[in-house]
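Quantities reported herein were computed from a predicted structural model and do not represent experimental measurements. Read the numbers this way: they start at 1 and go in the same order the structure lists the ligands and their atoms.
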Amino acid sequence: MGILNVTPDSFADGGRHFDFASAITRAKIMIEEGVDIIDVGGESTRPGADRISEETERDRVIPVITELAELGITLSIDTTRSDIAKAAIAAGATIVNDVSGGLADPKMAKVIASNSAIQYVVMHWRGHSKDMQKAAQYKNVVSEVKEELDDRVIELTKSGILPEQIILDPGIGFAKSTEHNWELLKNIDRLQLLGFPILVGASRKRFLGDLLGARSADDREFASIALTTYLAKAGAWGVRTHSVKPHRDAIAVVEEMRK
Ligand code: PMM
């Protein structure tokens, strides 16, 4: 899953694809490089980020999705807002990537339940980015994330969402310390026991900088590729990454080794 942040302020690529033309150019490069899904986001969720208005979010993402739908690539909308999800689906998105797993907007579940062809990424979340790091308190991060994701699944399926629609994501960097992120990555098999496909978004995140000596986001790329290799071997359903080609290559190696 290639990241297309149409934002001025995302932590790794904020501002790079902010205008419509650069966003489309970037998407075309990702398609050439073999991306399976393009995840279009209009609101930065980096720690400490302020929220933007729904109108601003809509103006950023809907024209891009409408244009990319023409290219026949699978599109995902990274949003916590049900009205944005609805508009993105109407414009051609078939995956809703909700970092709040339906907690931010009580109307989201209904939108997803009303269209069983839509896949729904349910990420582990403990509150909006502004002060989410205060919620990075766990006795056992793996058990608690697993239980909280399981609670979401129970609630969402009660609202009419089919289990086949759901993809789970541990929410690397969301209300998690560096140690929590590593603990979750090391125990991805325990999250897989919930019985759903797992998506992981670890690409270029700060915990990798902590390991490598506080490097810039771009300079965390090789470590991100190493993680993709590990996650592909572990049987993750997908990885959400800033670059495409090196991750595709890593996955090709793992697939060949599996034969
Ligand atoms: N991380 C970010 C944004 N959206 N979605 C999912 N499903 N999983 C993630 O880990 C995730 C996400 C923040 O990273 P970005 O600023 O690079 O988009």
Undergrad: In terms of residue, atom name and distance, what is the protein heavy atom nearest to atom 6 (C) of ligand 1?
TA: Asp169 OD2, 3.2 Å
Undergrad: Should you measure from each heavy atom of Val99, which atoms of ligand 1 turn up under 4.0 Å away?
TA: 4 (N), 5 (N), 12 (C)
Undergrad: Is it the side chain, the backbone, both or neither of Val200 that has a heavy atom closer than 4.0 Å to ligand 1?
TA: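 No part of Val200 comes within reach of ligand 1.
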Undergrad: Look at atom 13 (C) of ligand 1 and find which of Thr45, Ile167, Ile95 reaches it with the closest heavy atom.
TA: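 The option holding the nearest heavy atom is Thr45.
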Undergrad: For atom 4 (N) of ligand 1, what is the closest protein heavy atom, and at what distance to 0.1 Å?
TA: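 Result: Asp78 OD2, 2.9 Å.
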Undergrad: Looking only at protein heavy atoms, which one is nearest to atom 5 (N) of ligand 1, and what is the separation?
TA: Asn97 ND2, 3.1 Å
Undergrad: Return yes or no for this condition: an N or O of Asp39 is under 3.5 Å from an N or O of ligand 1.
TA: no
Undergrad: Under 4.0 Å between a Lys/Arg side-chain N and an Asp/Glu carboxylate O for Arg126 and Glu148?
TA: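 Result for this pair is yes, salt bridge flagged.
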Undergrad: How does Arg240 reach ligand 1, by side chain, by backbone, by both or by neither, if only non-hydrogen atoms under 4.0 Å count?
TA: side chain
Undergrad: Measure from atom 10 (O) of ligand 1 to every heavy atom in Lys205, Met123, Met1 and give the option owning the shortest one.
TA: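 It is Lys205 whose heavy atom sits nearest to atom 10 (O) of ligand 1.
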Undergrad: Please determine whether a side-chain nitrogen of the Lys or Arg among Arg81 and Asp98 lies less than 4.0 Å from a carboxylate oxygen of the Asp or Glu.
TA: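 Looking at Asp98 together with Arg81, the answer is no, because their closest N to O distance does not fall below 4.0 Å.
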Undergrad: Charged N to carboxylate O below 4.0 Å: is that the case for Glu221 and Arg204?
TA: yes
Undergrad: What I want to find out is whether Lys158 reaches Glu155 closely enough, with some N-O distance under 4.0 Å, to be called a salt bridge.
TA: yes
Undergrad: Could you list which atoms of ligand 1 come closer than 4.0 Å to a heavy atom of Val121?
TA: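 This gives 7 (N) as the contact atoms.
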Undergrad: Out of the candidates Leu149, Val153, Val122, only one should pair with Phe196 under the side chain to side chain contact (heavy atoms under 4.5 Å, CB included) rule; please name it.
TA: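 Of the listed options, the one satisfying the test is Val153.
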Undergrad: Is the closest basic N to carboxylate O distance between Arg58 and Glu54 below 4.0 Å?
TA: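 Yes, this pair counts.
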Undergrad: Tell me which protein heavy atom sits closest to atom 16 (O) of ligand 1, plus the residue, atom name and distance to 0.1 Å.
TA: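 In this structure, atom 16 (O) of ligand 1 has Phe11 CD2, 3.4 Å as its nearest protein heavy atom.
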